[in-house]
There are 2 protein chains.
Amino acid sequence: MTGMIKRETMGAQLGSLLRAAILSGEFQPGEAVTETALAVRFGVSRGPMREAMRHLMDEGLLVTVPYTGTRVLQLTSADIDDIYSMRICLEIFAFEQIWERRDEAFRTALTQRHAALLEAIDDGDDIRSIDAELDLHGLVYETCGNSILLSSWSGIRARLQLYWAAHHRAHGITGPKRESHDDYVRLALGDSRERMKDEIRDHMSRGLDKTMAFVSSVEGQKAGSNRRKK
Amino acid sequence: MTGMIKRETMGAQLGSLLRAAILSGEFQPGEAVTETALAVRFGVSRGPMREAMRHLMDEGLLVTVPYTGTRVLQLTSADIDDIYSMRICLEIFAFEQIWERRDEAFRTALTQRHAALLEAIDDGDDIRSIDAELDLHGLVYETCGNSILLSSWSGIRARLQLYWAAHHRAHGITGPKRESHDDYVRLALGDSRERMKDEIRDHMSRGLDKTMAFVSSVEGQKAGSNRRKK
DNA sequence: ATGATGTAGATTGTCTACAATCACCGAGGG
DNA sequence: CCCTCGGTGATTGTAGACAATCTACATCAT
């Protein structure tokens, strides 16, 4: 059954669905997910489900141990630190690459994504705000057209989105502030590479501080959380 | 049959075998590879074979189009350029991260890998020389302990290894020169971050020049090479 | 009581058969 | 001569059943 979906392989679509389910909080970080359960959940067989899970594993959202089980990624404070330092490195690199090639298309796309972020914030939709913020930052990576850079960003983006979403749900903390990206957008459209690079460093530093305060409080349960059997 | 291998899933082992087969030249860049053919080649079923191929796809060595086929990655000059600029960015970043934490273990490992490279060069073993050179560069990434950085390096490494191996086979060009990494190792163990960063830029620039000269001569057949059916 | 040990359940890994999709090629009509 | 259209083969996608392995719990001996 379920043979009416077209133009894309089932595994890929399942990957998107599963990713959305994880990011929406249906499965929490550290929670175990089984192939069979997900297969019946989405009404498909284990084959495509496995394919989708493999995709999310490579993206970093799922972690599996052979013959034992699969669970949703649970980040440590060290992981968060690694992610943010990588973000600084890659985003500066990306802006260096495209700086001289910024055209009208780039400018309009950036302002559009910024507007989408503001709209999501105004609507009070946290999940959409997170998505919009990451889309905004993603533009420079996409503009580069460097496939390796883009896949690196995908891994970073997935981990950040997972963590933020869980963070917000668990603690009721609001999403990004309305003015949080004004400087970022302004300088990205401006004329000074160095000021943009400084802004990236500042931006990430603020984000890291905001993030680290929480993760350290729930540390120490990365490997041994097995409650909630059913 | 073939049920006596232990401690690691078949798909992972098959991935290593297939990677080795590709890098050894059994399958050339742009050549089509089919699941069934590889499955009988390695004496397993399509399931594990698929798993292994999926792994190599994420690594970047294989490219697949749904319902149609899978072929070995064929790099364009733009890809090579992207790879080398990423290498500069990431390797400088990696050295910045570990610079103050370089300990005795790092120093001995670096000299050991350099010695291994020299031995491979002296033996005239091109494949092993390439592997040793990439292992040498890989140490700094491994020392960082940053999982995202490491996976980015894996993608770069796989693509470079594939390209160099095919390059050398097709044109009989020798591997890395014996003295090519003397400065790199010396400065990596030295005291000046800035000189090391300059060395990385120079090192990559030389590598890119050596590489680009060839790839541009065979451009223009990325999408349409379908000969050699059997 | 404590430790080792065997046993049961669950989960992933693997295999075989079948279906959906696509590229190629040749025939027929314009 | 060129374009359209259908057939044919190949390749990947999907399904369900079976085997290998791991974790946890109960049992038994010390």
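Order of the sequence lines sets the chain letters (A, B, ...), proteins ahead of strands, with each chain counted from 1. Computed over heavy atoms, backbone and side chain alike; hydrogens, waters and symmetry mates excluded.
- Residues passing the side-chain contact (heavy atoms from CB on, under 4.5 Å) test with B/T34 are B/T36, B/A37, sequence neighbours excluded.
- What separates CZ of A/F42 from P of D/dA15 is a distance of 14 Å, to the nearest Å.
- Residue A/T70 has a polar side-chain atom (N or O) positioned under 4.0 Å from OP1 or OP2 of C/dT12.
- When all heavy atoms of B/R159 and B/G60 are compared, the closest pair comes out as NH2-CA, 3.8 Å.
- Counting non-hydrogen atoms under 4.0 angstrom, B/T68 reaches the backbone sugars and phosphates but no base.
- If you measure from atom CZ of B/R71 to atom C1' of D/dT12, you get 14 Å, rounded to the nearest angstrom.
- Side-chain nitrogen and oxygen atoms of A/R50 include at least one within less than 4.0 Å of the OP1 or OP2 phosphate oxygen of C/dG13.
- What separates CE of A/M10 from P of C/dC18 is a distance of 19 Å, to the nearest Å.
- Checking B/P66 against A/V65, the closest nucleotide of DNA chain D that is more toward the 5' end is the one next to B/P66.
- For the pair B/Q13 CD and C/dG13 C1', the computed distance is 12 Å after rounding to whole Å.
- A heavy-atom distance below 4.5 Å is not found between the side chains of A/L73 and A/L61.
- A salt bridge links A/R157 with A/D135: the closest approach of a Lys/Arg side-chain nitrogen to an acidic carboxylate oxygen falls below 4.0 angstrom.
- To the nearest angstrom, C1' of C/dT11 lies 13 Å from CG of A/L38.
- Protein atom CE of A/M53 is 16 Å distant from nucleotide atom P of D/dT14, rounded to whole Å.
- Residue whose closest nucleotide on DNA chain D sits further toward the 5' end, between B/V33 and A/P48: B/V33.
- Among the heavy atoms of the strands, none lies under 4.0 Å from A/G47.
- Checked against salt bridge (charged side-chain N to carboxylate O under 4.0 Å, His left out), A/D125 has the following partners two or more places apart in sequence or in another chain: A/R128.
- At whole-Å resolution of the value, OH in A/Y67 and P in C/dG13 are 7 Å apart.
- Look at CZ on B/R46: it is 19 Å from P on D/dA17, rounded to the nearest Å.
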